[in-house]
2 protein chains.
Amino acid sequence: MKMTKEEQQLSPVTCSAHHRAISDTMDILSGKWKIRIIGELIFGKKRFGELLSSIEGIAAKMLSKELQDLETNQLVKRTVRQTKPITVEYELTAYGRTVKPVITAMANWGQQHRELIRKKQ
Amino acid sequence: MKMTKEEQQLSPVTCSAHHRAISDTMDILSGKWKIRIIGELIFGKKRFGELLSSIEGIAAKMLSKELQDLETNQLVKRTVRQTKPITVEYELTAYGRTVKPVITAMANWGQQHRELIRKKQ
DNA sequence: GAAAGTAGTTTCCTTCAGGAAACCAACCCA
DNA sequence: TGGGTTGGTTTCCTGAAGGAAACTACTTTC
């Protein structure tokens, strides 16, 4: 039986692994804010309050919870700095930066989609 | 002011467009089943019942609703075939196939993530 | 001693995505 | 006449996600 390149790539044997991998990614990036937070941290370290004001619409509760999730999954590192009022810095780990291609793929497709919709109307 | 390559790419000017693009993508691929459905249709046309049994765990109501969403967004084409009991075929549009890089990026990252977790434990 | 700035946590509430099961409707076959 | 097959829709329900606002705790400054 001949298979196209695509079918080889996604053969039934590797198919369930494929689904699992996608599920894993969706679980880790799930929720309304995780990708926004990662997008904010791609530029570098940010303090809790900075994230709170730069991510429009997020409440402190959600920011705190989502950052904990990201920390649990090793995507983000939390550092308490012994400043006058204590400040806390969040930054992407090297591992967290590996998510960038996923985000880029989504951004590219979304942009193309928007252009296509605009042209049609 | 000097900027790294990354900062040029994601300059403040294009930043909100970037967020919008990501939101668009997430909206269209949102929900528990859309990516699974697209993944199933990458192999070719499938009837409603075939999708229902090949996508483990989905209920008819959800399948119906998600397919409608995908059709609305031009990712999927629905064709009624005048067979003895009427059958309905769903297939990806050419446009629907452009989502593949996004799914591939998610699958790749998920797989890498799983391997990393496995090595650590 | 009060106010202001840091980084959260707690409580209470609402909404909505999604699941289970029953139902519908057209058609064929026996 | 009634069961099987197709492709759905309707109804009812629940859990989880997320929002608003108040509260905590520590320190510095006024």
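Lettering follows sequence order; numbering is per chain, from 1. Not measured: the values here are computed from a predicted model.
Judged purely by atom type and a 3.5 angstrom limit, A/Ser64 has no side-chain atom pairing as donor or acceptor with the backbone of A/Ala60. Side-chain N or O atoms of B/Thr98 include none that pairs as donor or acceptor with a backbone N or O of B/Ala94 at under 3.5 Å.
By the salt bridge (Lys or Arg N to Asp or Glu O under 4.0 Å) test, A/Lys34 pairs with A/Glu66, A/Asp69, sequence neighbours left out. A/Gln82 meets the side-chain contact (heavy atoms from CB on, under 4.5 Å) test with A/Val80, A/Ile86; sequence neighbours excluded. A/Arg47 is linked by a side-chain hydrogen bond (donor to acceptor under 3.5 Å, both in side chains) to nothing, counting only residues two or more places apart in sequence or in another chain. Every residue meeting the side-chain contact (heavy atoms from CB on, under 4.5 Å) condition with A/Ala105, not counting sequence neighbours, appears here in chain and number order: B/Val102, B/Ala105.
Evaluation of the salt bridge (charged side-chain N to carboxylate O under 4.0 Å, His left out) test over residues 15-32 of chain A, restricted to residues two or more places apart or in two chains, returns A/Asp24-B/Arg114. Note on residues 85-95 of chain A: pairs passing side-chain hydrogen bond (donor to acceptor under 3.5 Å, both in side chains), not counting sequence neighbours, are A/Arg78-A/Tyr90, A/Arg81-A/Glu89, A/Thr83-A/Thr87, A/Tyr95-B/His113. Identified under the ring-ring contact (aromatic ring centres under 6.0 Å, His included) test for residues 50-83 of chain A, with sequence neighbours left out: none. Note on residues 56-78 of chain A: no pairs pass ring-ring contact (aromatic ring centres under 6.0 Å, His included), not counting sequence neighbours.
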Strictly under 3.5 Å: I want the nitrogen or oxygen pairs between protein and nucleotides 23-30 of chain D, one per line.
none

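In this structure, B/Glu89 atom CD and D/dG8 atom P are separated by 12 Å, rounded to whole Å. Atom-to-atom, CD of B/Glu50 to C1' of D/dT6 comes out at 12 Å; the value is rounded to the nearest Å.
Between A/Glu40 and A/Arg36 a salt bridge is recorded (basic side-chain N to carboxylate O distance below 4.0 Å).
The stretch residues 23-33 of chain B touches DNA chain C through B/Gly31, B/Lys32, B/Trp33, each having a heavy atom within less than 4.0 Å of the strand. Within a heavy-atom distance below 4.0 Å of DNA chain C, the residues of residues 51-80 of chain A found are A/Ala60, A/Lys61, A/Ser64, A/Gln68, A/Arg78.
The two residues B/Ala21 and A/Ala107 come nearest to each other via the heavy atoms CB-O, 3.4 Å.
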Residues B/Val99, B/Ile28; criterion side-chain contact (heavy atoms from CB on, under 4.5 Å); working and verdict:
CA-CA 10 Å; B/Val99 181; B/Ile28 289 170; over 6 Å; no

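Note that the first and last nucleotides of DNA chain C, 5' to 3', having any atom under 4.0 angstrom from a heavy atom of chain A are C/dT6 to C/dT11.
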